[in-house]
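Working notes, structure below.
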Number of protein chains: 2
Amino acid sequence: MAIAKSPALPSLATTKGGRGSLATQVRDQLRTRILTHEWNEGKKIPSEFDLAGQYHVSRVTIRTALKALEAQGLLDIRHGSGAYVANFGTSIRAGLQELRSITDTIREMGFEPGMTHRVVKRRGATADEALRLQIAEGEPVLYMERAILADDEVVAYSYDAVAIRDLPEKSIGEMGKGSVFGAFAKLGIFPVRALAEIHAISSMDIGWGKGRPKSGLYLLLKQLHFLRDGVPVMASDTYFVEGRFQFIIHRTL
Amino acid sequence: MAIAKSPALPSLATTKGGRGSLATQVRDQLRTRILTHEWNEGKKIPSEFDLAGQYHVSRVTIRTALKALEAQGLLDIRHGSGAYVANFGTSIRAGLQELRSITDTIREMGFEPGMTHRVVKRRGATADEALRLQIAEGEPVLYMERAILADDEVVAYSYDAVAIRDLPEKSIGEMGKGSVFGAFAKLGIFPVRALAEIHAISSMDIGWGKGRPKSGLYLLLKQLHFLRDGVPVMASDTYFVEGRFQFIIHRTL
DNA sequence: TCGATCAAGTTGTAGGACAACTATTGACTT
DNA sequence: AAGTCAATAGTTGTCCTACAACTTGATCGA
């Protein structure tokens, strides 16, 4: 095998300590290569052996990365044959089961994300919030009501409650401005998992402002975000205006 | 380490050729052990080394299985520490991203599944069906309209179109009776992946019969089922009556 | 009492080897 | 000439061993 080094492969973990394990980094880079159509749908990607050569890692690491991508529905690995790019239509994009901020998702879909805050305050937790966040009723939470925009059009209304616990007081102001996850990251808080419940809702009491949909039809994503150790940090009820956002789920065995 | 063989571990692949790879079999057995609460939520499961001993397989195989379970949100693997059972509330159960028949899911939730057929016929594909199933308009499809029941209560109405292609004529009758996936399995057809789109729908034209919900509020799961090689075999629009079925999604990084 | 250090345990990565499976080629038979 | 079968190279699946990187709790010392 010739050591044909790919021209523009970003090196692994050169800058800023390279978040996560080697396999994770390889997975993310391979995902990018797949999503940018470096290999056509249904076509075979290089063998594990070749990829190990390209990235200068062991076959074990490559396998771990490939298996992860298979679990996410991007690859189809066949024993004795090779790994193939899963072929759906052209849509695919980011599935719902991948945890990322709404803002990022909107941006990735090619729109300009925006946000307007109607309420940002600190108050005691309601009974429901206390139950979900595993805190006592009345314990302080950061409560927000926001409208989420894509290209200046409202796509969702979100009602969020963040458990304060040992959050520094000054950081609360941060939350009221940009992305919540951005503010989390600055504090070293990284939600790694969310449990979401989905409902269809018809109500005139959800949206506000002039962008409010007349139909009152929403897809409710009732989420609870967890830290690595299972501690819940944020409960958010996000009402997506039906039709303005495409929700996709990959289902695999 | 003592070779303390667990008393009731089903042996791997003793009967009927043992479907799938070793790692897949181990994954399924471990999943069962997790879902039956053999280990409490948040607690550590045995080390990879121990598990390898229990199942008489290599650590690599155990790792592959554990990684798969982590991707499904059942485990949380921490470098240098161990693998922990993910702790959400008690709900969890089967997430939406796991592909399985509605019937099985209902049964697993502790209800008695049922089904009534309103329409089962062979007809030409509509434009939309042709597009989704990647066949020509007018090509024959098996079209069905079914009501899906749990404990004799309607939980969903489903409109399905199965691509006939080289389906034997006699098997079409089978479809009209029990589970569609059961009929598929008998023919050696195994959908391994589905792409689902979610919508909130408010309409009085969906349900029928006396169990029809007065609200007309549904959660629409617009699905397309694929074979391993990416060939679409069934397009189904399933309207779940809002509130009668709990939809859960695990979201991970 | 508090902090640093150490040691044991666990997951992550490496490398080599072989088994199991797939797809293609080429020879052979009819 | 066409079809069948066997050999073969290429690829993923599993095993083994070893060590690196990380976590956790115990130990020791100031």
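Residue numbers start from 1 in every chain, and the chains themselves are labelled A, B, ... in the order their sequence lines are given, proteins ahead of strands.
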Subject >> Nucleotide range of DNA chain C lying under 4.0 Å from chain B heavy atoms >> reply: C:dG9 to C:dT13

Original post:
Who pairs with B:S81 by side-chain hydrogen bond (donor to acceptor under 3.5 Å, both in side chains), at least two apart in sequence or on another chain?
Top reply: B:Y84

Subject >> Test ring-ring contact (aromatic ring centres under 6.0 Å, His included) applied to A:Y143 - qualifying residues, sequence neighbours left out >> reply: none

Subject >> Partners meeting salt bridge (charged side-chain N to carboxylate O under 4.0 Å, His left out) with B:R63 (sequence neighbours left out) >> reply: B:E48

Subject >> Sequence-distant partners of B:S58, side-chain contact (heavy atoms from CB on, under 4.5 Å), two or more places apart >> reply: B:V60, B:T61

Original post:
Does A:E70 have any salt bridge (charged side-chain N to carboxylate O under 4.0 Å, His left out) partners at least two apart in sequence or in another chain, and if so, which?
Top reply: A:K67

Original post:
Under 4.0 Å: is that the gap between some side-chain N or O of B:R59 and OP1 or OP2 of D:dC16?
Top reply: no

Original post:
Using a distance-only test with no angle check, is there a side-chain donor-acceptor pair under 3.5 angstrom linking B:S158 and B:D160?
Top reply: yes

Subject >> Protein-nucleotide distance (B:Q25, atom CD; D:dT14, atom C1'), rounded to Å >> reply: 13 Å

**OP:** Applying side-chain contact (heavy atoms from CB on, under 4.5 Å), name anything that partners B:A130, two or more places apart in sequence or on another chain.
**Re:** B:A125, B:I135, B:E137

Original post:
In whole Å, what is the span from the CD1 atom of B:I62 to the P atom of D:dG13?
Top reply: 16 Å

Original post:
Closest nucleotide of DNA chain C for B:P46 versus for A:S58: which of these residues is on the 5' side?
Top reply: B:P46

At a cut-off of 3.5 Å, list every protein nitrogen or oxygen paired with a nitrogen or oxygen from nucleotides 22-26 of chain D, distance to 0.1 Å.
from	atom 1	to	atom 2	distance (Å)
D:dT23	O4'	B:G80	O	3.3

Original post:
Which residues satisfy the salt bridge (charged side-chain N to carboxylate O under 4.0 Å, His left out) test with B:D237, sequence neighbours excluded?
Top reply: B:R132, B:K222

Original post:
Quick one: B:R27 CZ to D:dT14 P, roughly how many Å, whole number?
Top reply: 12 Å

Original post:
A:L51 has an atom CG; how far is it from atom C1' of D:dT11, in whole Å?
Top reply: 12 Å

